[in-house]
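Remember, it's a predicted structure, so these values are computed and weren't measured experimentally. To find a chain, count down the sequence lines: A is the first, B the second, and so on, and within it residues start at 1.
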2 protein chains.
Amino acid sequence: MVLTIGEMGKATNTKIETIRYYERIGLLPRPARKTNNYRDYGQAELGRLSFIRRARDLGFSLDQVRALLGLSDDRSCDCAGIDRIAKEHLQEVDRKIADLQALRRELKGVIDSCDGGTVAQCRIIDALGPVRMD
Amino acid sequence: MVLTIGEMGKATNTKIETIRYYERIGLLPRPARKTNNYRDYGQAELGRLSFIRRARDLGFSLDQVRALLGLSDDRSCDCAGIDRIAKEHLQEVDRKIADLQALRRELKGVIDSCDGGTVAQCRIIDALGPVRMD
DNA sequence: CTTGACCCTGTAGTTGCTACAGGGACCATA
DNA sequence: TATGGTCCCTGTAGCAACTACAGGGTCAAG
């Protein structure tokens, strides 16, 4: 035995039911079974599950996660398609990084003004405010 | 009139139904109504909605968004509470930035190897792989 | 005065989990 | 060897966060 479903869950902070759900919808492969019918996972599945969970945590939908996993799974070297998908996701990733950095600045501001005991006007909403169209 | 619900939706890439949903659960205030009963929004609501949408896109739950908005709404200067919440979110934001930067590197790698036409092994999964516990 | 694009209030459906219910497997120990 | 605790199994039903649609009113343009 390498990994039980419970160990997978602990390692990736995922509920057992969620892992079975990912299997049902085809995001995780059906694992080998032990003689007692328990699921039997290896390091590859652990990596895949970790990727899914962290990508989900970053706000990607399951369909987007499927596409990202496809980049990894695809052995056909359909470079045009892969390139397009990767570039779309790269754009989105860059946007998210910028948003998070803006949010980070504002959180820092809140924390610093709290430390100083000042009644600073909180501008946290402005960090992720609407795009100005002058 | 300042903004209709449809204009709010376009400006923040949000479905009209979703805006009404946020109002129903109390994330957005009940806006003023015009004589014809149409919702009538101002810049403040637009900013708030933009914040909600972008925070959601970054993987924060509605409850977390509520807490972040609370940092902005709170005029009580309960600095201890605000400080704690802000610090928790700052930690999470930093983790997400790190994950996105790792994912970014791997996407760049995929794109570059596609450009070069090489059949590079795709390690995109490894970017968000499990935490090593040697 | 009608046609199309908006808005209104419902309610029901979808996605992505999450929580049981009901049952079997395994293992320590009394 | 029996009994308790902790795992695992397959369902199915519920919850969060939307999303779509039905049935209807508003309004500017032609």
Just call it for [X]: base, sugar-phosphate, or nothing, with non-hydrogen atoms closer than 4.0 Å on any strand.
X       : answer
A/Arg24 : nothing
A/Ile5  : sugar-phosphate
A/Arg56 : sugar-phosphate
A/Ile16 : sugar-phosphate

How many Å lie between [atom1] on [X] and [atom2] on [N], as a whole number?
X       : N      : atom1 : atom2 : answer
A/Asn36 : D/dC9  : CG    : P     : 8 Å
A/Ile52 : C/dG16 : CD1   : P     : 12 Å
A/Glu23 : D/dG11 : CD    : C1'   : 14 Å
A/Glu17 : C/dA21 : CD    : C1'   : 12 Å
B/Ile19 : D/dT19 : CD1   : P     : 12 Å
B/Asn37 : C/dT9  : CG    : P     : 6 Å
B/Lys34 : C/dC6  : NZ    : P     : 14 Å
B/Arg20 : C/dC8  : CZ    : P     : 5 Å

task: Output the single nucleotide from C/dT9, D/dT19, C/dC7 whose closest atom is nearest the side chain of B/Arg39.
output: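 Among the listed nucleotides, the one closest to the side chain of B/Arg39 is C/dT9.
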
message: Quick check for you: among C/dT9, C/dG16, D/dC18, whose closest atom lies nearest to any side-chain atom of A/Tyr21?
response: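 So the side chain of A/Tyr21 is nearest to C/dG16.
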
message: Quick check: on DNA chain C, is the nucleotide nearest A/Lys15 upstream (toward 5') of the one nearest A/Tyr38, or the reverse? Name the residue that is more 5'.
response: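 The answer here is A/Lys15.
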
message: Salt bridge or not between A/Lys87 and A/Asp83? Use side-chain N to carboxylate O under 4.0 Å.
response: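 Yes, charged N to carboxylate O under 4.0 Å.
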
message: For B/Phe60, does the six-membered ring have the charged nitrogen or CZ of B/Lys96 within the cation-pi criterion, i.e. under 6.0 angstrom from the centroid and within 45° of the normal?
response: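 Judged by the rule, B/Lys96 and B/Phe60 form a cation-pi pair.
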
Within the pair [X] and [N], is there a side-chain N or O less than 4.0 Å away from OP1 or OP2?
X       : N      : result
B/Arg33 : C/dT9  : yes
B/Thr4  : C/dC7  : yes
A/Thr18 : C/dT18 : yes

A/Leu28 reachable from A/Tyr38 in the ILVMFWY side-chain graph, under 4.5 Å edges: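 No: no chain of side-chain contacts under 4.5 Å links A/Tyr38 to A/Leu28.
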
field: First of B/Thr35 and B/Arg53 reached from the 5' end of DNA chain D, by closest nucleotide
entry: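 On the 5' side of the pair lies B/Arg53.
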
task: State whether the side chain of A/Glu88 and the backbone N or O of A/Ile85 hold a donor-acceptor pair below 3.5 Å, judged by distance alone.
output: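 No; judged by distance alone, with no hydrogens or angles, the pair does not exist.
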
query: Are the side chains of A/Leu68 and A/Phe51 in touch, meaning some heavy atoms are under 4.5 Å apart?
result: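 Result yes, sub-4.5 Å side-chain heavy-atom pair found.
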
